[in-house]
Amino acid sequence: VYAESKHKGEKRVLAESPRNVVVRTASLFGAAGSSGKGGNFIETIIKKALAGETVSVVDDIVMSPTYTRDMAARIWKLIALEIPGGIYHVVNDGHCSWHSFAAEAFGLLSLPPPKAVSSSSFPSKMKRPPYTVLASEKLSALGLPLLRPWRAALRAYLVEKGHLSDGFPLNR
């Protein structure tokens, strides 16, 4: 239902004018976090790890981690270029499971690795698709470079949040 309603909204935006642009993104992480979700995945798991809790993260859902700072910069670029109307994917380059994403962050911060678990370990009324990877092929066709790889974006995020400096974990 969620995906269908999003798709209907996109179709409606595009039907209003052939010049309208819809940006699809996924698995956002950024300095401000999500007020609707009570924060940010990375900050939540770091806090748990620093408190000595076991951190369990699903390894059977694959996505495209996207740093909000990179996404916002690319959207401003798209506006300036006056690109043709349509649907565009804006995500950092590459994909991974949520567990791999968490493990990368923990590795950079010298924290014990998170435990890999199945998504069935977190029962939910919402059925999440196991593969939600997006690719920015249309942007490449316009001559725009891909956004930096998600690992580099994650490192930049950890520096921005004050968890990492010059490759060394902080705040311990």
Side-chain angles (χ1 to χ4, degrees), residues 1-7 9-10 21-34 36-49 55-78 83 86-124 126-161 163-164 167:
V1 171
Y2 176 70
E4 287 176 22
S5 67
K6 282 178 68 171
H7 183 64
E10 291 172 347
V21 171
V22 171
V23 172
R24 286 184 185 160
T25 192
S27 309
L28 296 171
F29 63 97
S34 170
K37 293 182 179 180
N40 164 321
F41 171 74
I42 293 293
E43 294 305 313
T44 299
I45 62 171
I46 289 172
K47 184 178 178 182
K48 285 183 176 188
V55 177
S56 299
V57 182
V58 298
D59 67 350
D60 57 354
I61 296 180
V62 178
M63 48 76 187
S64 304
T66 306
Y67 187 22
T68 55
R69 183 172 297 281
D70 292 351
M71 181 194 68
R74 180 52 49 94
I75 289 172
W76 279 112
K77 178 84 168 168
L78 297 177
I83 61 172
I87 297 173
Y88 295 85
H89 295 176
V90 176
V91 293
N92 283 103
D93 190 29
H95 60 276
C96 62
S97 70
W98 283 102
H99 178 266
S100 296
F101 186 54
E104 181 72 18
F106 282 20
L108 289 168
L109 299 175
S110 301
L111 293 170
K115 179 181 174 190
V117 297
S118 166
S119 56
S120 63
S121 300
F122 297 99
S124 172
M126 237 176 23
K127 176 137 173 64
R128 296 191 184 276
Y131 190 82
T132 59
V133 173
L134 299 177
S136 303
E137 294 159 351
K138 282 177 79 173
L139 296 179
S140 294
L142 292 174
L144 292 170
L146 296 174
L147 294 183
R148 62 183 154 179
W150 68 263
R151 284 181 175 87
L154 176 59
R155 175 183 280 278
Y157 166 81
L158 293 171
V159 169
E160 178 183 8
K161 290 297 286 185
H163 295 296
L164 193 65

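- The two atoms that bring L154 and A105 nearest to each other are CD2-N, 3.6 Å, heavy atoms only.
- Side-chain atoms of L78 and V90, non-hydrogen and from C-beta on, do get closer than 4.5 Å to each other.
- Remark: the backbone N or O of V23 is not paired with any side-chain donor or acceptor of T25 at under 3.5 angstrom.
- In this structure, S119 contributes its side chain and V58 its backbone to no donor-acceptor pair below 3.5 Å.
- Contact check for I42 versus F101: side-chain heavy atoms found under the 4.5 Å cut-off.
- The two residues D70 and A153 have their closest heavy-atom pair at OD2-CB, 3.6 Å.
- Here NZ of K48 is found 9.5 Å from CD1 of I45. Values are rounded to the nearest 0.5 Å.
- Of the N and O atoms on the side chains of H163 and E43, at least one donor lies less than 3.5 Å from an acceptor on the other residue.
- When atom types are taken as modelled, the side chain of N92 and the backbone of Y67 share a donor-acceptor pair closer than 3.5 angstrom.
- For the pair I46 and L158, the minimum side-chain heavy-atom distance is below 4.5 Å.
- Looking only at atom types and distance, the side chain of D59 has no donor-acceptor partner in the side chain of S97 under 3.5 Å away.
- The two residues P112 and F106 make their nearest non-hydrogen contact at O-CD2, 3.0 Å.
- Side chain of S136 to main chain of H89: a donor-acceptor pair is present (N/O by atom type, distance under 3.5 Å, no hydrogens or angles).
- The two residues P65 and G94 come nearest to each other via the heavy atoms CD-O, 4.4 Å.
- In terms of heavy atoms, R151 sits closest to E104 at NE-OE1, 3.4 Å.
- Nearest heavy-atom pair across A49 and V55 is N-CG2, 3.8 Å.
- Atom CE of M63 is separated from atom CG of L28 by 10.5 Å, given to the nearest 0.5 angstrom.
- No donor-acceptor pair closer than 3.5 Å links the side chain of S56 to the backbone N or O of K115.
- The local environment of NZ in K138 is crowded, with over 12 non-hydrogen atoms from other residues, nucleotides or ligands closer than 6.0 Å.
- A distance-only check finds no donor-acceptor pair linking the side chain of D60 to the backbone of P130 [under 3.5 Å].
- Atom CD1 of I87 and atom CZ of R24 lie 4.0 Å apart (nearest 0.5 Å).
- Taking a 6.0 Å sphere around CZ of R148, one finds it holds more than 12 heavy atoms contributed by other residues, nucleotides or ligands.
- At a threshold of 4.5 Å between non-hydrogen side-chain atoms, the residues P145 and R74 count as touching.
- Considering CD1 of I83 and CG of L142, their distance stands at 6.0 Å, rounded to 0.5 Å.
- Contact check for T66 versus S27: no side-chain heavy atoms found under the 4.5 Å cut-off.
- With contacts defined as side-chain heavy-atom distances shorter than 4.5 Å, the pair L139/L147 does not qualify.
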